[in-house]
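Remember, predicted model here, so these are calculated numbers, not experimental data. Letters go in sequence order (proteins before strands), and every chain restarts at 1.
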Amino acid sequence: MDGIVYLYVFVLAAFTGYEVISRVPVILHTPLMSGSNFIHGVVLIGAMVVMGHADPDSPLELAIGFFAVLLGAANAAGGYVVTERMLAMFKSGKKKEGE
Amino acid sequence: MDGIVYLYVFVLAAFTGYEVISRVPVILHTPLMSGSNFIHGVVLIGAMVVMGHADPDSPLELAIGFFAVLLGAANAAGGYVVTERMLAMFKSGKKKEGE
Amino acid sequence: MMTAKWLIDLAYVGVAVVFILGLKAMSSPATARKGIVWAGWAMIVATLVTLFWPGMHNFALMIVAMVIGGSAAWWSGKQVKMTDMPQMVAIYNGMGGGAAAAIALLEFTRGEVHGGMVALLAVLGALIGSVAFSGSCVAYAKLQGIMKKAYRFPAQNQLNIGLAAVVAILGLAIATADAPGMGAIALFFVLALALGVIVTSPIGGADMPVVISLLNAFTGLAVGFEGYVLGNPALVVAGIVVGASGTLLTQLMAKAMNRPIANVLFTPITGEAQGGEAIEGSMREMGSLDAAATMRYASRVIIIPGYGMAVAGAQHKVWEMTQLLEEAGVEVVFAIHPVAGRMPGHMNVLLAEAGVPYDKIFDLEEINADFAQADVALVIGANDVVNPSARTDKSSPIFGMPILNADMAQNVIVVKRGKGTGYSGIENALFYKENCRMLYGSAQAAIGEVITHVKSMED
Amino acid sequence: MMTAKWLIDLAYVGVAVVFILGLKAMSSPATARKGIVWAGWAMIVATLVTLFWPGMHNFALMIVAMVIGGSAAWWSGKQVKMTDMPQMVAIYNGMGGGAAAAIALLEFTRGEVHGGMVALLAVLGALIGSVAFSGSCVAYAKLQGIMKKAYRFPAQNQLNIGLAAVVAILGLAIATADAPGMGAIALFFVLALALGVIVTSPIGGADMPVVISLLNAFTGLAVGFEGYVLGNPALVVAGIVVGASGTLLTQLMAKAMNRPIANVLFTPITGEAQGGEAIEGSMREMGSLDAAATMRYASRVIIIPGYGMAVAGAQHKVWEMTQLLEEAGVEVVFAIHPVAGRMPGHMNVLLAEAGVPYDKIFDLEEINADFAQADVALVIGANDVVNPSARTDKSSPIFGMPILNADMAQNVIVVKRGKGTGYSGIENALFYKENCRMLYGSAQAAIGEVITHVKSMED
Ligand SMILES: NC(=O)c1ccc[n+]([C@@H]2O[C@H](COP(=O)([O-])OP(=O)(O)OC[C@H]3O[C@@H](n4cnc5c(N)ncnc54)[C@H](OP(=O)(O)O)[C@@H]3O)[C@@H](O)[C@H]2O)c1
Ligand SMILES: NC(=O)c1ccc[n+]([C@@H]2O[C@H](COP(=O)([O-])OP(=O)(O)OC[C@H]3O[C@@H](n4cnc5c(N)ncnc54)[C@H](OP(=O)(O)O)[C@@H]3O)[C@@H](O)[C@H]2O)c1
């Protein structure tokens, strides 16, 4: 039963992603690409959970977990920084003209 | 755990409903109202399941189940007919002009 | 048998997807009909696979119920006149709410729900579904003219809130009880039904479309909650999608009418005029011959239909006149205000029924700039939606509502029966303007005369 | 401790909602920045509450990993030049894919997944994540200039398909095995990584943005699948939303480039010219003084930036020139082709960086009708996007791609270094037209000269 509910989550999430993105203008496609890149950086929390349950006495498990958390954190932090930098550059001319 | 997954289904479904409807032009609001009315006619399948599990020896349970199925079927059938009738009337002038 | 259940679950996923795609297809008149047809097939599939749900019995009775309910609704849906659509939608919607409530009642009767989230949502769904059921019946009765008066208790709002509180507390008790007694359950349902009745009774017929839309959203929520109780995510998805979209639709309608939802529910319009500045000057009449000539020799006419055209059922005559004028070389288009008539998209449905192609129909934003270039603005049974007071008179109840700029046309011709006010009950400054002439008569008759005269002018 | 878990789950729901709203806010430049900031806060909340997940240890090492990974990425993200954005996005994306793959690897190592849907999705996520990881590294290396050549094996496509089949079969074996051996698991990951490398290696740098977008969608899917394995619906929602939106974005890009995704992956552009009719006539040169005068005394100039402006980093100079011309009373606007440059929205980002307000920037549909009224169309380092062969020459590889109608302007001035072709490697008929003049030079230098001359003309 649980599996089926997850299937609904999959389907609805896919639909939501599709709907949200189909409204984004071309001008924002690059920031959008890096923004959605940032969103999947939430893999970090998954990495934290598996690392948190790794056997503290197994160097192999710890190493893989460490690697996962490191990569996840890099995905999240890097995705955020570049997206924010790009979007900060988009300004409307309205204010400028008022100067 | 199951409850939480259902919460995601709730949230995503609400989001989907909102997104889908926010694109419908005013001209179609009445058919949309009756169309979404039709969609919740799927309550019929819920009614069928509860009636199917009602105790065949309990007239009360059977009566309530009967009532639920009857109403659900009416919702679905009626919603469909009026929506389809309304939408069938919307025609583009393009074809007409070609005549 | 377990395999069958999995297949059914999968089929339901497909059904839910098709429902969403069907609703999505309704975002354009070109695809809308396809959308409802898909959704219809999905509903049939859902019904058929449900027959294979493991461990079911009572099939004979079930099928009898389906046939009776389905065919009665089908037949009445085929018969109903376009102008009676709102009450028909109301009654079907009420049935959905009733079904959701009945599901909850049966589950409680069988003692299948107790404690936790499941019981809470079962009760909530039952409450909302019952209110939607009885409220929709009242809405139907009002619009159908069965229930003519708006019944108001003294201290109506306090009564509503009090009853709602009682029902809520009783519901909470049932949801948390280990084995709720049948007496409490029965009382709960009766009070919930009563709540639906007393909340909707004082609301005037004109506010009803908003209420129907709200009750539609309610039924969606009730279905969604019962879907959770039954562990059926397809019901959850369909119900919540409708709940969300219905809520949005209700808001859009209320906004377009310039009337917050809270006002619709708690301070119904009573019928007395409500302020607005007095207007000086007089209305000028015009005969149907003059009206016909003015339009026949114009180059651009914009028609603004309103509620009066709907009650008169004059849309076919209007389209006949339009075609005559077009044959004579006049450019004729329709301007539709978002809240013209008594339900959203009301005018569009009626004009579509008469056969007016939808690319001749423009909405407020598209056409408002064009009135200045029009020779004639022909207002047929519309009033509030062309009232210029909305632009200037702060004391007017419709102040701030965007209106169609009929007054900017060269000539304005207004077809109505007399000096009756519109839905908001206020005077209309447009009718007193220099460039405005009144063509008195019921829309059907008045336009009929115009048609005769236009025909006689053909050379 | 069970209570804590419920609170964490609820917080995750909120995080997922904020992520979606954040993406939604990106549909307009006015709200986009707010959107990413919200999403950033949601990410912080998600990270913090996860520290309270019941039964976790290894915190010290975990925080070290977070600090190293996070701060390195933060620092490099702050440093990177705007023109190097695509490879930076690629590498961050690869890391997400790597994290998803590592999660799967750890779960397999600990023997926590076996059989059924969970194992299948764990393997699928591992495969997709690994491909995204190694593929993104290749994309980074290419765009960064570390890996210069496009490596092609003989029978490349067969090799790709063969390796993919081997990995898939191995994966299926692991997913269905009761206790898969570590050897098989290790081999699976190595082959999956190799697959990512050999699929992306032959693809040219110019096709890379499409590949990056596709790999971004891949990572999303991988994260979503691992989310299911971990029983974490927030990961599922975020991952699948990105998977779907990334897929759509990839399609939009491929379509705008007139190059089906399959072609990008399986028949990479090799660099040789690919057909197209020969063009007769000659190009006419123009000096920077003439160019300056033509624009200074024009009343309407439309600037078309392209890839050449990006590599030259000339956007600041272009904006300086624009402001000078505007002070002199010339109306200057920018026309952006959807695939100008090498990534979607590339030109918009660069112009935004230089400070050009986005209401001076128009896209193809908005502006194409205006070229006929323009005195000057100034093409800066653009080529394919103004090639009129796309309209007429069926043999051209860009036939059918909508182009900017620069050729319809009174005068066309083209800034480029020489006779180099654009991305598609074909001749451009525009450069041979009667009304077209070439201003040779690197964009930065050429526009710099124009600025000097315009300044000297000021009176
Ligand atoms: N669309 C919606 O969703 C919705 C829902 C609820 C309420 N409303 C409200 O309804 C109003 C709609 O405005 P509207 O301009 O369409 O209509 P209106 O303001 O209600 O005016 C209708 C006019 O039609 C005339 N009329 C009535 N019967 C007629 C007949 N047989 N032949 C010719 N004329 C006739 C009436 O004048 P005589 O009596 O002199 O003939 C009346 O002035 C707005 O105030 C809106 O807020 C709309
Ligand atoms: N936007 C995307 O998402 C994307 C992704 C992948 C591929 N593409 C493809 O990329 C192409 C984009 O078209 P485009 O018109 O922007 O560019 P283009 O067709 O690639 O042409 C660029 C031109 O810039 C000139 N140039 C190079 N360096 C220069 C410099 N330093 N100063 C001045 N000029 C310079 C080159 O000529 P010289 O060598 O003579 O200077 C070349 O003709 C399309 O074919 C598109 O399909 C786009």
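Among residues at least two apart or in separate chains, there is no salt bridge (Lys or Arg N to Asp or Glu O under 4.0 Å) pair with a member in residues 36-60 of chain B.
For a residue to count as touching a neighbouring chain, one of its non-hydrogen atoms must lie under 4.5 Å from one of that chain's; by this rule C:Leu61 touches chain B with backbone and side chain alike. Of the two parts of C:Thr247, neither the backbone nor the side chain holds a non-hydrogen atom closer than 4.5 Å to a non-hydrogen atom of chain B. With a 4.5 Å cut-off on non-hydrogen atoms, C:Ala100 touches chain B through its backbone and its side chain both. Heavy atoms of C:Gln79 lying under 4.5 Å from chain B belong exclusively to its backbone. Interface remark: C:Ser76 contributes no atoms to any contact with chain B (heavy atom separation under 4.5 Å). For a residue to count as touching a neighbouring chain, one of its non-hydrogen atoms must lie under 4.5 Å from one of that chain's; by this rule C:Leu51 touches chain B with backbone and side chain alike. In this structure, the portion of B:Leu60 lying under 4.5 Å from any heavy atom of chain C is its side chain and not its backbone. If you measure heavy-atom distances from C:Tyr12 to chain B, the contacts under 4.5 Å come from the side chain alone. Neither the backbone nor the side chain of B:Ser58 comes within less than 4.5 Å of any heavy atom in chain C. Looking at C:Asn93, the atoms closer than 4.5 Å to chain B (heavy atoms on both sides) sit in the backbone and in the side chain alike. When heavy atoms are compared at a cutoff of 4.5 Å, C:Val37 approaches chain B by way of both its backbone and its side chain.
In the displayed structure, B:Tyr18 atom OH is contacted under 6.0 Å by at most 12 heavy atoms of other residues, nucleotides or ligands.
Two residues are said to be in side-chain contact when any heavy atoms from C-beta on lie closer than 4.5 Å; B:Ile64 and C:Thr109 meet this criterion. With contacts defined as side-chain heavy-atom distances shorter than 4.5 Å, the pair C:Val80/B:Arg85 qualifies. Contact of the B:Phe38 side chain with the C:Tyr92 side chain is not registered, since no non-hydrogen atoms from C-beta on lie closer than 4.5 Å. Two residues are said to be in side-chain contact when any heavy atoms from C-beta on lie closer than 4.5 Å; C:Met26 and B:Val20 fail this criterion. By the 4.5 Å heavy-atom criterion applied to side chains, C:Val64 and B:Leu70 are not counted as neighbours.
Among C:Ile336, C:Leu230, C:Val349, the residue making the largest number of heavy-atom pairs under 4.5 Å with chain B is C:Val349. Chain C forms more heavy-atom pairs under 4.5 Å with one residue of B:Leu12, B:Leu62, B:Val9, B:Thr16 than with any other, namely B:Leu62. In terms of non-hydrogen atom pairs under 4.5 Å with chain B, the most contact-rich of C:Val236, C:Asn216, C:Ile212 is C:Asn216. Between chain B and the residues C:Gly40, C:Gly239, C:Ala354, the largest count of heavy-atom pairs under 4.5 Å involves C:Gly40. By number of non-hydrogen pairs under 4.5 angstrom with chain B, the leading residue of C:Lys24, C:Met347, C:Met85 is C:Met85. Counting heavy-atom pairs closer than 4.5 Å to chain B, the top-ranked of the candidates C:Val237, C:Leu249, C:Leu105 is C:Leu249. With chain B as partner, the option from C:Thr50, C:Val229, C:Val67 having the largest number of non-hydrogen pairs under 4.5 angstrom is C:Thr50.
Atom-to-atom distance recorded for C:Ile44:CD1 and B:Tyr80:OH is 7.5 Å, nearest 0.5 angstrom. To the nearest 0.5 Å, atoms CG (C:Leu350) and CE (B:Met86) are separated by 10.5 Å. With rounding to the nearest 0.5 Å, the separation of OG1 in B:Thr83 from CD1 in C:Ile36 is 4.5 Å. One distance of note links CG of B:Asn75 with OG1 of C:Thr219; it measures 7.5 Å at 0.5 Å rounding. B:Phe66 CZ to C:Ile68 CD1: the interatomic distance, rounded to the nearest 0.5 Å, is 4.0 Å.
Between C:Trp53 and B:His53, the ring-plane angle classifies as perpendicular under the 30° and 60° cut-offs. Aromatic ring pairs are classed by plane angle as parallel below 30°, tilted from 30° to 60° and perpendicular above 60°; the pair C:Phe225 and B:Phe10 is parallel.
Contact between C:Ala238 and B:Ile39 at its shortest, heavy atoms only, is CB-CG2, 3.9 Å. B:Met33 approaches C:Pro209 most closely through the heavy-atom pair CE-O, 4.2 Å. Of all heavy-atom pairs between C:Ala244 and B:Ala14, the closest is CB-O, 3.2 Å. Here the closest non-hydrogen pair linking B:Ser36 and C:Val242 is O-CG2, 3.3 Å. Contact record, B:His40 with C:Gly220: CD2-N, 3.8 Å, taken as the closest heavy-atom pair. C:His57 and B:Pro56 get closest at one heavy-atom pair: ND1-CG, 3.2 Å.
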Verify side-chain contact (heavy atoms from CB on, under 4.5 Å) between C:Leu23 and B:Leu32, making sure each step is shown before the conclusion.
CA-CA 8 Å; C:Leu23 275 182; B:Leu32 179 72; 4.1 Å; yes
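No side-chain donor from either of B:His29 and C:Asn348 sits under 3.5 Å from a side-chain acceptor of the other.
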Pairs under 3.5 angstrom only: tabulate donor-acceptor contacts from the side chains of residues 41-49 of chain B to other protein residues two or more places apart or in another chain.
none

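Without hydrogens or angle criteria, C:Asn58 side chain to B:Met51 main chain gives a donor-acceptor distance under 3.5 Å. Not one N or O on the side chain of C:Arg110 forms a donor-acceptor pair closer than 3.5 Å with the backbone of B:Ala54.
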